[in-house]
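Have a look at the structure below before the remarks.
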Amino acid sequence: MTRIRSAGLPLLGAVTALAIWWAGTVVFGIRPFFLPAPPDIVAAFRREPAYLLREAGSTVAVTVTGFGIAVVTGLLLAMVLTAWRALERATLPVLVALNSVPKVAVAPLLVVWLGFGAQPKIVLVVLICFFPVVVATMAGLTSTPVELSELSRSLSASVWQAYVKIRLPWALPQMFVGLKVGISLAVIGAVVAEINNPTGGLGAVIVLSGTSFDTPLAFAAIALLALLSTALFYLVAGLERLLVPWARAISG
Amino acid sequence: MTRIRSAGLPLLGAVTALAIWWAGTVVFGIRPFFLPAPPDIVAAFRREPAYLLREAGSTVAVTVTGFGIAVVTGLLLAMVLTAWRALERATLPVLVALNSVPKVAVAPLLVVWLGFGAQPKIVLVVLICFFPVVVATMAGLTSTPVELSELSRSLSASVWQAYVKIRLPWALPQMFVGLKVGISLAVIGAVVAEINNPTGGLGAVIVLSGTSFDTPLAFAAIALLALLSTALFYLVAGLERLLVPWARAISG
Amino acid sequence: GDSGDSTENGSDKVTYLTAFGAVGRDAFAWVAQEKGYFRDAGLDVTIQLGAATGENIKVLSAGQAQFANVDLTGAWILAGKGQAPDIRAFAAVHQRTLVSIIALEGAGITAPKNLEGRKLGAATGSVNQLLFPGYAKLAGIDESRVEWVNAPPAQLPALLASGRVDALSTFLIGARGIEKAAGGRKSVVLPYSTFLPGLFGNGLMASTAVAQDDPDLVRRFRDAALKGLRYSLDHPEEAAQILKKAQPTADVAAAVGEITLMAPAVDPSGAIDRTRVADALATLETNGLIPPGLTPESVVDFAVAPTA
Amino acid sequence: MIVVERVSRTFPARSGSVAALHEIDLTVAEGEFVAVIGRSGCGKSTLLRLIAGLLEPTSGTITVTGRAVRAPSREVALMQQQPALLPWRTALGNVLLPVEMARQPRAEGAVRARELLDAVGLAGFHHRHPYELSGGMQQRVALCRALIQRPRVLLMDEPFSALDALTREDMAAQLQALHLARPATTVFVTHSIQEAVLLADRVAVLSPRPGRVREVLTIDIPRPRSLGRSAALPAVAECVAHLHDVLAESGDD
Amino acid sequence: MIVVERVSRTFPARSGSVAALHEIDLTVAEGEFVAVIGRSGCGKSTLLRLIAGLLEPTSGTITVTGRAVRAPSREVALMQQQPALLPWRTALGNVLLPVEMARQPRAEGAVRARELLDAVGLAGFHHRHPYELSGGMQQRVALCRALIQRPRVLLMDEPFSALDALTREDMAAQLQALHLARPATTVFVTHSIQEAVLLADRVAVLSPRPGRVREVLTIDIPRPRSLGRSAALPAVAECVAHLHDVLAESGDD
Ligand SMILES: Nc1ncnc2c1ncn2[C@@H]1O[C@H](COP(=O)(O)OP(=O)(O)OP(=O)(O)O)[C@@H](O)[C@H]1O
Ligand SMILES: Nc1ncnc2c1ncn2[C@@H]1O[C@H](COP(=O)(O)OP(=O)(O)OP(=O)(O)O)[C@@H](O)[C@H]1O
Ligand SMILES: [Mg+2]
Ligand SMILES: [Mg+2]
């Protein structure tokens with residue numbers, strides 16, 4: 001019963017969303033050129049399955065690499081910034097300011113500097129999902145309850161020990177907020193990079209099929225992207241369940 | 001002394017960042033067309049101060065309106081989803097999937113549907129910053145410590161009371177992670193919308209001065225954007241200090 | 001609304017989309033606005049900045065704008081795919097396509113043949129790339145030896161200037177701006193029209209609904225806009241200033257450059273001749289860009305086109 | 001009235017499930033004061049949470065004031081083992097929480113809340129937040145919160161554990177006075193045998209793992225029992241000694 | 001050896017600052033066992049946190065084993081008033097935390113941790129997480145964590161407050177045995193006067209708001225004091241009665 005529900009409910013949600021969309025295109029008589037109906041998209045996918053899957057694979061590679069780099073560097077930066085508050089006061093505003101520079105404006109510079117390979121795309125992914133990871137991890141690292149940080153201090157823990165054994169595990173549930181937001185942004189970042197520099201990936205499919213007015217193909221790519229993003233999100237959520245079971249146990 | 005440091009450190013950080021940038025443009029002999037040095041940008045700003053400030057104002061208006069809508073609806077959705085877990089299981093995947101649809105692909109559709117006014121821009125801002133608010137608020141709402149949720153249940157609190165008096169206040173520190181990430185994304189969303197539909201705002205300045213090869217003007221707009229985004233971020237952070245002083249008191 | 005709403009003083013409210021942002025080639029619309037040509041024609045025009053061909057056509061088709069300046073060649077290739085069948089041109093701005101190869105002097109590109117083995121940048125999915133095989137065949141280039149690089153339009157000059165690509169395929173009127181971007185280096189321009197003389201450049205378009213419901217509105221708009229176009233050609237400097245006033249980001253020198261460079265390709269009467277349209281469609285057809293069967297009537301509304 | 005019938009409760013866990021309570025029977029009459037004692041970990045808190053409707057029994061039934069317990073009820077007040085104060089509310093605000101939850105007038109509630117806080121020795125601390133209070137002070141705030149609604153049924157889980165000997169006597173005396181004035185059906189978990197004997201009508205002794213009711217001792221000492229003096233009575237000493245023995249027998253893990 | 005000299009501590013706060021301790025003097029000799037009693041909120045926990053180096057005195061100086069206290073030291077173990085267990089570690093893992101922090105071999109530590117957990121009656125619970133333990137069990141885990149390092153200085157803040165009477169006696173006996181075998185300089189905050197008298201060499205009484213040392217009573221009862229039997233000794237009764245009186249005088253807020 002619970003098994004059925006756990007698979008059934010998300011399916012129900014997806015089917016409902018598709019139904020609303022389909023009904024919308026029919027009721028309002030929207031042309032596939034503007035917004036294709038689900039069958040148009042399925043048809044487009046069946047026209048080019050191998051191509052779409054190959055490009056999806058390349059998007060995943062860029063996304064995951066960039067996300068991985070962002071998580072590691074973001075985690076380290078958050079640790080450094082929370083360990084030295086003076087440094088935080090000096091650098092966080094700059095970080096916030098840099099983060100707000102539109103990635104679309106940065107993308108051309110990246111291509112000029114790094115060329116047309118995967119590098120500028122990965123850099124863009126890192127830039128886009130770095131910030132939520134840092135903000136969430138910092139919030140988590142500064143939320144250690146007084147009694148635990150007193151425990152840590154009373155045991156004369158080194159800064160590193162305090163982080164690894166107490167502050168970081170405690171921060172994990174909050175950090176995962178950043179990771180979940182970050183993974184979604186990472187996918188978006190990869191697509192933005194691919195739209196800008198369409199040498200491959202689903203972003204390239206979207207922009208190229210868009211300019212050739214093959215809207216159903218563009219939407220097939222978008223649908224794949226949505227699937228992919230959802231899968232990555234739930235992968236992260238699954239990792240959370242695995243790593244912080246205690247968090248669910250002490251909250252209710 | 002503390003007063004001086006509290007203003008001095010961020011200033012120091014900003015000045016250092018500017019110095020690195022400037023030195024970079026000089027040492028590597030980068031032309032203003034690719035990456036203007038700070039003086040070029042100041043010159044560009046002094047060429048068109050009134051215009052830039054007016055467009056900044058319009059970006060702020062779009063950002064703040066969209067962010068406000070996203071916060072309110074995101075908060076409500078997070079409350080509904082955490083109150084009925086079955087609903088969460090059914091709708092969260094759809095939400096994740098929708099969130100991953102690249103906003104750059106959605107922006108033209110929004111113009112087609114909603115025209116050239118502020119509406120499509122606000123909608124884009126809402127779409128882009130809605131997700132982090134929802135994810136962070138949900139995480140906060142589900143982190144109520146067991147003893148507090150038992151307290152709430154033992155007092156026969158209604159669902160609404162439990163949320164308003166216990167779960168929501170407890171969630172505030174985590175919610176603010178979503179708000180801080182969200183406000184940064186909101187600015188980006190406004191700019192993406194303006195780049196797509198350059199009827200006004202700093203995004204329009206960036207894209208239009210790009211087409212007339214006036215990179216310093218584009219960077220003046222980007223600099224204003226960075227300032228604006230930082231100001232909004234610290235406004236949110238200030239609100240956090242104001243609303244949840246207790247969170248700092250119980251952590252250390 | 002389909003054919004524009006009337007304001008209190010009796011003029012018709014319409015929305016017009018430029019071809020691409022706010023640069024010299026589109027200055028005439030602001031000139032018509034500034035000089036009162038629209039007002040005199042009983043029109044209250046809102047000028048919106050357009051994006052790529054496809055986006056402009058979508059906006060027209062959705063009724064969010066009544067008129068647009070669009071690349072006719074691109075639009076007709078789309079028409080050949082059966083997309084947006086409800087859009088018609090009603091005046092030509094550029095009598096021949098301005099698409100060109102632009103390289104920087106000293107890069108060793110002085111003739112089409114030099115492009116072999118080089119990297120060529122163009123706007124993502126642009127018509128320029130679709131036309132290139134035809135151009136290459138006539139110019140004697142081995143098309144397979146040219147490597148294309150897709151990029152957003154605004155990014156192209158930077159790619160050329162930084163040497164990431166060897167040449168661009170873009171509108172020749174952008175040459176001045178590209179030279180500015182390249183730090184003053186002179187450019188080499190190889191127009192497609194040397195080998196593909198029959199194709200049109202930009203033209204004014206409207207949806208069939210507007211053209212049928214209110215042909216008079218279309219004519220009034222057409223004449224006012226063309227009057228602005230003529231004035232721009234006669235007074236490039238003033239036109240550029242008017243543009244700058246309306247859009248502070250505009251660059252006066254580059255705008256003057258565009259207007260003077262496009263002048264030879266412009267007939268201020270906006271003439272769009274049936275036989276020339278048929279020719280253009282035939283060129284597209286022989287190059288495999290459109291399937292056979294597209295008639296001039298299906299892409300141009302001659303009822304509201306200039307009669308010159 | 002509380003009736004606990006053949007109630008068992010097992011906690012499932014990956015590393016083997018724990019049988020916290022096994023076939024417990026306990027009846028508390030209307031207005032009666034029953035103390036529960038037992039070794040640490042024998043299931044006292046679990047029993048209270050079952051009666052409060054916070055946990056469901058694995059088997060058996062519980063009725064409170066005639067109704068089977070399915071969910072918590074407004075008539076029952078529970079004072080948890082941890083203070084469980086809301087960190088964003090002052091002491092006064094925390095005490096007022098039940099008043100707000102019951103949508104009763106705040107003003108009246110505030111008068112009573114102030115009286116209660118003063119009575120437990122927190123006169124100067126109404127407007128302090130929990131993190132500014134010592135452990136014992138926090139516990140007293142939680143006590144006030146449990147008492148403010150004058151509940152028909154009062155469940156208290158080691159309410160005085162964080163208090164020093166004297167404050168403890170003080171609080172016990174006040175609790176007794178309140179109970180005599182307006183008897184609530186009370187289950188009082190404590191670690192102090194003396195306290196149990198001096199406050200309760202009956203004392204239930206739980207034996208550990210799984211928790212069972214080992215014995216229920218009726219305390220026949222006249223009230224009011226002034227804690228200072230009565231403590232010396234031979235009857236008290238006898239009860240204490242007896243309970244001590246029962247507890248000692250009742251199993252060392 | 002611990003020397004506290006004219007130490008005051010004030011907590012600043014928006015709603016008026018609180019003077020927790022005022023010019024406290026206290027000396028604990030090497031290997032001595034001093035119990036501290038006082039009314040709830042009189043500053044006992046604050047005193048321990050000052051000695052542990054977690055708080056800085058507003059004025060006055062503290063030296064521990066000859067060095068002025070600036071920061072916590074590895075020689076000093078503090079058992080806090082709350083269990084403060086890491087929710088992601090099992091009981092055993094929590095007890096091992098100080099071993100890991102001191103980078104000592106885990107295997108040896110684990111042997112001792114298991115012995116300690118068994119000794120406090122948590123034999124079957126080594127691999128349970130804190131949320132699977134009762135309040136008293138959590139406190140015993142915290143006790144083991146404080147003892148595992150065999151510290152030269154041991155500070156304990158109401159270590160038995162969540163334990164029932166019998167377990168409490170048990171723990172006290174074990175603590176005494178440990179102390180006799182290897183005397184650590186100990187400050188032991190408790191709420192039970194009896195416990196203080198039975199465990200301590202000297203008992204310090206704090207008076208509240210601001211906390212001052214009211215009296216330090218030397219307990220001259222021979223060790224080992226078996227808690228069951230000695231409790232009945234007239235000398236014990238006398239000390240308890242005296243301390244009770246001092247405490248009672250020492251101020252009702
Ligand atoms: N959530 C839980 N998961 C697993 N086991 C639990 C849980 N809660 C309680 N237990 C187990 O149930 C038993 C009884 O716990 P309970 O808290 O009722 O004891 P208690 O009598 O209140 O002890 P104390 O006097 O120490 O507070 C213990 O062995 C404990 O380990
Ligand atoms: N962080 C703080 N901010 C403000 N006041 C505080 C703080 N910590 C303690 N106090 C105050 O200092 C006084 C002493 O507190 P302390 O915790 O030392 O008492 P205690 O003797 O341990 O009490 P208990 O027996 O209840 O644990 C109290 O009045 C308390 O309100
Ligand atoms: Mg308990
Ligand atoms: Mg204390």
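Since we're looking at a predicted model, the values are computed, not measured. Order of the sequence lines fixes the chain letters, A, B, ..., with proteins taken first and strands second; residue numbering starts at 1 for each chain.
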Check your understanding: Which region of B:L208, side chain (C-beta onward) or backbone (N, CA, C, O), has a non-hydrogen atom less than 4.5 Å from a non-hydrogen atom of chain C, or is it both or neither?
Key -> both
Check your understanding: Between C:A182 and chain B, which part of the residue has a heavy atom less than 4.5 Å away: side chain, backbone, both or neither?
Key -> backbone
Review point. Can you check side chain to side chain contact (heavy atoms under 4.5 Å, CB included) on B:F130 and B:N99, steps first, answer last?
Key: CA-CA 9 Å; B:F130 182 68; B:N99 179 57; over 6 Å; no
**Study point:** Interchain contact, C:L243 with chain B, by part (heavy-atom threshold 4.5 Å)
**Key:** neither
Review point. Is any residue of residues 40-64 of chain B within less than 4.5 Å of chain C by heavy atoms, and which ones?
Key: B:E48, B:Y51
Check your understanding: Do C:F221 and C:Y16 have their ring centres less than 6.0 Å from each other?
Key -> yes
**Study point:** Most chain B-contacting option - heavy-atom pairs closer than 4.5 Å, from C:P157, C:A250, C:A254
**Key:** C:P157
Check your understanding: Any salt bridge between C:K119 and C:D166, counting N to O under 4.0 Å?
Key -> no
Point to revise | Region of C:S162 in contact with chain B, defined by heavy-atom distances below 4.5 Å | key: both
Revision key, fill the gap. The single option from B:L225, B:V191, B:L217, B:L224 that satisfies side chain to side chain contact (heavy atoms under 4.5 Å, CB included) with B:V205 is B:L217
Check your understanding: Looking at C:L60, C:V59, C:L49, C:T15, which has the largest count of heavy-atom pairs under 4.5 Å with chain B?
Key -> C:L49
**Study point:** Which portion of C:E258 sits near chain B, non-hydrogen atoms under 4.5 angstrom
**Key:** neither
Practice item. State which residue, out of B:V80, B:L92, B:L77, fulfils the side chain to side chain contact (heavy atoms under 4.5 Å, CB included) condition with B:L87. Key: B:V80
